[in-house]
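Worksheet: the structure to be examined is printed underneath.
Throughout, protein chains are lettered first and strands after them, A, B, ... in sequence-line order, and every chain is numbered starting at 1. Just so it is clear, the structure is predicted and the values come from calculations on it, not from any experiment.
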Amino acid sequence: MTVVTRFAPSPTGYLHIGGARTALYNWLFAKHHQRHGAGGKFYLRIEDTDRARSTQAAVDAIYAGLEWLGLDWDGDPISQFERADTHRAAAERLLAEGKAYKCYCSPEELTAMREAARKEGRQRMYDGTWRDRDPSEAPAGVDPVIRMKAPLEGETVIDDLVQGRVTVANAQLDDMVLLRADGTPTYMLAVVVDDHDMGITHVIRGDDHLTNAFRQTQLYLALGWDTPTFAHIPLIHGPDGAKLSKRHGALGVEAYRDDGFLPEALRNYLLRLGWSHGDDEIISTDQAIEWFGLENVGKSAARFDVTKLTSLNGHYIREADNARLTDLVMERLQAAYPGRLAKEAQDRLFKGMTGLKERAKTISELSENAIFYALQRPIPKTEKAQQQLGADGAALLRDLRPVLDATETWRDEALMAAAKGFGEAGGLKLGAVAQPVRAALTGSTVSPSVFEIMDVLGREETLGRLDDALAGL
RNA sequence: GUCCCCAUCGUCUAGCCCGGCCUAGGACACCUCCCUUUCACGGAGGAGACAGGGGUUCGAAUCCCCUUGGGGACGCCA
């Protein structure tokens, strides 16, 4: 059987981290079956039936977020709103079959029912007032909603691939609204009709939908359709242990991009948050497709931990292609230092990237660390660097300069040998020689190897920077 | 409040389904040391958990029950 999954966000904001993980799992599950089963499809459906809260900007943000994460979907995205007529037809059919009815309750009556239910400790809110009432008693001038006639007795069972068998007494569930008074379909109806029509075989979504799944199961039954297989994955919690949601500080994936995270790192982190494959931590996307299955999804909620994401990101940066990293850094530096970059910036960054990338855990950090390569002379210096360039440092640099200049081949090994010889002659350790040089060349006390830096900068620029330092610039 | 779900180091987790191989493994973070021109990287160690209580059993992190704690859902939102 071909596996068909979907990601169905509502466009009321960016793609947040929880949604991203849900999308990832759906995508991975489909890809896995594409490779090993009878095929797999992953669809995107925009749940935009709430016209007041849905925006095109949010839809675009969701597309952009998924694209950045590398989660491609099959076919064109489906707009739930555009399928309203189909949803309505399903409700009309249930009405005609006597499986749904018109309810004329006013909002005030419903509020009263809700309060009464809560006071009496009942979960079931709507009391079924219009369930068997004669439609001729309908009040004039009131547009009714259509409610489903849900079973009053027995129980509804879901065999969830993650949660196991979950059962609820039907007495707990009231008659859900299918069509609103204005004739528009509700989410509950739309989801069921869409999932059925799209041929969704596996509904993989957040745990917060588990109770909806009971109602939806009843709806599938009423419509005479087979239910899809459900897999309710645990939610991601914030550091405080509560559901991570948009109105609770969850950031959009683009915020992680802006903070300097790589999409492959986020994928790896999100994958591992709630799913495991033994002790494996670093898992490539290809390997994830190979291994992913719902049976290894954990049942308990997980807290989002940026520190671990950061560590993973450091790993992927070290693995990343130098040209790609150079582009990412250039983009940031150009924005941060308009007109101040040396014309050799790109070239130097690329040459120095190997030394740079193993010292950074995010692209932001990498860019920070790379500034000295990109900026035109003179290089700004930190306070600590300034201290390295005091009287002693300056004297050392003055003596070292001609030694370096005398080095025939301007390469890191030769330069290091020259510096070593210089140090030994003066009874200095290499570190004592390197620090002032580092301060002069980078304006900092922390950097990649100073000899590698000299190599990248070249003779002229290196000596120029030494001269700047000696001139007190 | 009612219903549903969950419960292993600070965090993510392996182990649990099919009890013994678990003096509970890995990763992140933390501490120490090594490497070393700084910082990282890398390497070697360390500290750190089966929520509590009952059962079942020769034996329980693993099975059952209760308690406690946490979470989610209870809309003419999605």
Side-chain angles (χ1 to χ4, degrees), chain A residues 8-12 47-50 52-54 80 103 105 107 110-111 114 117-126 143-147 158 160 162-164 166-169 171-174 176-182 184 186-188 190-191 206-214 232 234-235 237 239 241-243 269 272-282 295 298-305 307-312 314-315 318 355-361 369 384 388 416 419-420 423 429-435 437-439 442 444-451:
Chain A
S10 58
T12 54
E47 307 219 317
D48 51 0
T49 53
D50 185 342
R53 293 201 297 162
S54 300
Q80 187 161 68
C103 165
C105 285
L110 292 173
T111 305
R114 192 170 306 133
R118 196 155 294 212
K119 192 174 292 175
E120 292 164 33
R122 284 182 289 117
Q123 157 107 334
R124 192 184 182 116
M125 187 272 286
Y126 182 67
D143 290 325
V145 301
I146 306 295
R147 283 182 188 272
I158 294 168
D160 192 282
V162 172
Q163 304 292 334
V166 188
T167 305
V168 75
Q172 293 292 333
L173 274 17
D174 63 10
M176 71 188 116
V177 172
L178 266 22
L179 289 186
R180 301 187 183 95
D182 64 3
T184 58
T186 59
Y187 160 78
M188 215 57 92
V191 167
D207 205 330
D208 50 343
H209 285 281
L210 186 60
T211 47
N212 289 333
F214 291 119
H232 288 92
L235 299 177
H237 286 175
K243 177 181 176 180
Y269 178 72
R272 200 62 191 65
L273 197 64
W275 176 89
S276 61
H277 183 268
D279 283 340
D280 295 305
E281 296 286 348
I282 306 287
E295 60 283 353
K299 295 177 83 172
S300 51
R303 296 190 190 201
F304 189 82
D305 180 21
T307 318
K308 187 155 183 178
L309 204 210
T310 305
S311 162
L312 230 24
H315 168 84
R318 271 172 261 134
L356 244 22
K357 70 180 180 184
E358 66 181 32
R359 291 173 169 78
K361 288 189 162 59
N369 297 349
K384 282 186 176 176
Q388 285 290 333
M416 179 156 93
K420 258 189 177 149
K429 283 188 158 183
L430 187 55
V433 179
Q435 274 310 85
V437 176
R438 188 185 317 279
T442 71
S444 164
T445 53
V446 174
S447 81
S449 157
V450 292
F451 307 108

What's the gap between [N] and [M] when it is taken at their [atom1] atoms, as a whole Å value?
N	M	atom1	answer
B:rC21	B:rG1	P	41 Å
B:rA47	B:rC64	C1'	36 Å
B:rG70	B:rU62	C1'	22 Å
B:rG19	B:rU57	C1'	9 Å
B:rA60	B:rA24	P	16 Å
B:rG69	B:rG20	P	32 Å
B:rG72	B:rG10	P	22 Å
B:rC35	B:rG43	C1'	8 Å

Quick one: [X] [atom1] to [N] [atom2], roughly how many Å, whole number?
X	N	atom1	atom2	value
A:Leu178	B:rA78	CG	P	12 Å
A:His237	B:rG69	NE2	P	17 Å
A:Arg118	B:rC74	CZ	P	10 Å
A:Asp207	B:rG72	CG	P	10 Å
A:Met176	B:rA73	CE	C1'	14 Å
A:Glu281	B:rU13	CD	P	10 Å
A:Leu309	B:rC28	CG	C1'	11 Å
A:Leu312	B:rC28	CG	P	9 Å

What's the closest nucleotide to the side chain of [X] if the choices are [options]?
X	options	value
A:Leu273	B:rC12, B:rA29, B:rA73	B:rC12
A:Leu210	B:rG71, B:rC5, B:rC12	B:rC5
A:Val166	B:rC77, B:rC5, B:rU13	B:rC5
A:Gln172	B:rC3, B:rU13, B:rA78	B:rC3

For residues A:Arg438 and A:Ser447, is any side-chain donor paired with an opposing acceptor at under 3.5 Å?
-> yes

A:His232 and A:Asp160: side chain donor to acceptor below 3.5 Å |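 Per modelled atom types, A:His232 and A:Asp160 side chains form a pair under 3.5 Å.
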
Under 4.0 angstrom, heavy atoms only, what part of the nucleic acid is [X] near: base, sugar-phosphate, or nothing?
X	result
A:Asn212	base
A:Leu235	sugar-phosphate
A:Gly274	sugar-phosphate
A:Cys105	base
A:Ser54	nothing
A:His209	base
A:Ser444	nothing

Please check: side-chain N/O of [X] versus main-chain N/O of [Y], any donor-acceptor pairing under 3.5 Å?
X	Y	result
A:Ser10	A:Glu47	no
A:Asp48	A:Gln80	yes
A:Ser449	A:Phe451	yes
A:Thr111	A:Pro107	yes

In plain terms, say whether A:Asp305 and A:Lys308 are close enough for a salt bridge, that is, a side-chain N and a carboxylate O under 4.0 Å apart.
->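 Answer for the salt bridge query: no.
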
Check nucleotides 6-11 of chain B against the protein and report each pair of N or O atoms closer than 3.5 Å, with its distance, or say if there are none.
unit_1, atom_1, unit_2, atom_2, d
B:rC6, OP1, A:Lys299, NZ, 2.5

Minimum-distance pair of heavy atoms, taken over all atoms of [X] and [Y]:
X	Y	answer
A:Ala434	A:Val450	O-CG1, 3.8 Å
A:Ala439	A:Gln388	CB-CB, 3.7 Å
A:Asn212	A:Tyr187	ND2-CE2, 4.1 Å
A:Arg272	A:Asp280	NE-O, 2.9 Å

N or O in side chain of A:Arg114 less than 4.0 angstrom from B:rC76 OP1/OP2 = yes

By nearest nucleotide on RNA chain B, pick out whichever of A:Phe214 and A:Ala8 is the more 5' one.
->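 The answer here is A:Phe214.
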
Name the residue closer to the 5' end of RNA chain B, choosing between A:Ala169 and A:Ser311 according to the nucleotide with the nearest heavy atom.
->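 Checking each residue's closest nucleotide, the 5'-ward one belongs to A:Ala169.
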
Could one point to a donor on the side chain of A:Asp279 or the base of B:rG25 with an acceptor on the other under 3.5 Å away?
->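 Check passes, donor-acceptor contact within cut-off.
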
Which letters describe nucleotides 31-51 of chain B, given B = protein heavy atom under 4.0 Å from base, S = only from sugar-phosphate, - = neither?
-> ------BBBBSS---------

